[in-house]
Amino acid sequence: MNQFSKPYIIFRIGKSYAILIENVKELLRERGWTQEKLGDEAGLRQETISYLLRGKNIPTLETVDKLSAAFNVSTVELLTDGALSDRTKEPTAPYSAKRNKEVVFTKYGKNSKISNVTITIPHHQRFRDEFIDFNFDKSKPKSGKPSSYANYMEYTFQNYYDNFGEVLDSFDRESPRKIDKLRNSPNLKEYNLNEGRFPNASIEAYHKFIESK
């Protein structure tokens, strides 16, 4: 049983709420995270994070637990003044090392320094052919968009391997959900804008493609 049995009352009066806010801000700066990134890691809405940091939302104990898990610190550390500066740099809780690893999206493709993927994607040619056909609008003049989507998915599969060490099967129904781990990478967001939003559009199309199977 958690030491805090009344999740609302501990923050109503006293310094605990103010300490929580300052510690969360410190950890955001330390990680280089945005509020949106923290929301994704903790499974909380970005609005919840924003209200909390402005002192407009009294968090429940469940919320505090989610925040501590996202930052890989204990609940006590998150609620104690000065505890973060005294903590060791090594993880003290049994969370995966990958949880705190920042996802990096490498810029592959003709407009990038790295043009080739290094992994063999299962069913690559079959996937490419079917994915292009799925995205080709036969009511409109032929364009290069479907083949571009296929190219960007190849780069995305490569990036998933680079970050998580797993070669995804392009026809596996779990693959779209796994690829979503890349979507909040600052690198991907920048790449997406530079490439005319094609990378993100290709991931959206991939979701629809797998759903159609």
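Under the salt bridge (Lys or Arg N to Asp or Glu O under 4.0 Å) criterion, D172 pairs with no residue at all, not counting sequence neighbours. Partners of E174 by salt bridge (Lys or Arg N to Asp or Glu O under 4.0 Å), not counting sequence neighbours, listed by chain and number: R177. Under the side chain to side chain contact (heavy atoms under 4.5 Å, CB included) criterion, A205 pairs with F131, N135, Y149, sequence neighbours left out. The side-chain hydrogen bond (donor to acceptor under 3.5 Å, both in side chains) test applied to T63 returns T60, not counting sequence neighbours. Here K178 pairs with E166 under the salt bridge (Lys or Arg N to Asp or Glu O under 4.0 Å) rule; sequence neighbours left out. Under the rule for a side chain to side chain contact (heavy atoms under 4.5 Å, CB included), the partners of I179 that lie at least two apart in sequence or sit in another chain are M153, T156, F157, L168, I203, Y206. A search for side-chain hydrogen bond (donor to acceptor under 3.5 Å, both in side chains) contacts involving K25 returns nothing, not counting sequence neighbours. Contacts of N151 classified as side-chain hydrogen bond (donor to acceptor under 3.5 Å, both in side chains), with partners at least two apart in sequence or in another chain: R128. Take K189 and apply the side chain to side chain contact (heavy atoms under 4.5 Å, CB included) test, not counting sequence neighbours, and it matches E36, N184. Residues satisfying the side chain to side chain contact (heavy atoms under 4.5 Å, CB included) test with F171, not counting sequence neighbours, are H123, R126, F127, E130, D169, F209, K213. S170 is linked by a side-chain hydrogen bond (donor to acceptor under 3.5 Å, both in side chains) to nothing, counting only residues two or more places apart in sequence or in another chain.
Summarising the geometry, atom CG belonging to L20 is positioned 5.5 Å from atom CG belonging to L52; distances are rounded to the nearest 0.5 Å. Note that CG of D129 and OG of S147 are 11.5 Å apart. Values are rounded to the nearest 0.5 Å. Rounding to the nearest 0.5 angstrom, the gap separating the CG atom in L67 from the CD atom in E41 is 11.5 Å. Distance check: L27 CG to E22 CD gives 11.5 Å after rounding to the nearest 0.5 Å. Here the CG atom belonging to N187 is positioned 9.0 Å from the CG atom belonging to N163, to the nearest 0.5 angstrom.
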Item to complete: Output, in order, the C-alpha distance, side-chain angles, deciding distance and verdict of side chain to side chain donor-acceptor pair (under 3.5 Å) for N159 and Y191.
Response: CA-CA 13 Å; N159 268 281; Y191 187 46; over 6 Å; no
Worksheet item: Could you go step by step and tell me if E62 and K66 meet the salt bridge (Lys or Arg N to Asp or Glu O under 4.0 Å) rule?
Response: CA-CA 6 Å; E62 181 183 5; K66 287 182 177 181; 3.7 Å; yes
Practice prompt. Show the numbers, then the answer: is there a side-chain contact (heavy atoms from CB on, under 4.5 Å) between H124 and E154?
Written response: CA-CA 9 Å; H124 172 257; E154 288 182 42; 3.3 Å; yes
Item to complete: Step by step, work out the side-chain contact (heavy atoms from CB on, under 4.5 Å) result for D40 and R183.
Response: CA-CA 10 Å; D40 291 335; R183 297 185 76 173; over 6 Å; no
Fill in: CA sep, side-chain torsions, deciding dist, call: Y155, T106, side-chain contact (heavy atoms from CB on, under 4.5 Å)
CA-CA 8 Å; Y155 310 148; T106 302; over 6 Å; no
Item to complete: Check step by step if side-chain contact (heavy atoms from CB on, under 4.5 Å) holds for V167 and I121.
Response: CA-CA 7 Å; V167 177; I121 302 169; 5.6 Å; no
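Judged by distance alone, with hydrogens and angles left aside, the side-chain atoms of N200 form no donor-acceptor pair with the main-chain N or O of N192 at under 3.5 Å.
Annotation for F134: atom CZ counts as buried by contact number, over 12 foreign heavy atoms lying within 6.0 Å.
V104 places none of its side-chain heavy atoms less than 4.5 Å from the side chain of D162.
Smallest separation of non-hydrogen atoms from L182 and Y160: CD1-N, 3.9 Å. Nearest heavy-atom pair across K37 and T34 is N-OG1, 3.0 Å.
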Only pairs under 3.5 Å count here: list side-chain donor-acceptor contacts from residues 42-51, not counting sequence neighbours, and write none if there are none.
{"residue": "Q46", "atom": "NE2", "partner": "Q35", "partner atom": "OE1", "Å": "3.0"}
{"residue": "S50", "atom": "OG", "partner": "R54", "partner atom": "NE", "Å": "3.4"}
{"residue": "S50", "atom": "OG", "partner": "R54", "partner atom": "NH2", "Å": "3.4"}

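Taking 4.0 Å as the cut-off between side-chain N and carboxylate O, K107 and E190 count as a salt-bridged pair.
Note: the hydrophobic cluster containing L78 also contains L28 (ILVMFWY, side chain heavy atoms under 4.5 Å, direct or indirect links).
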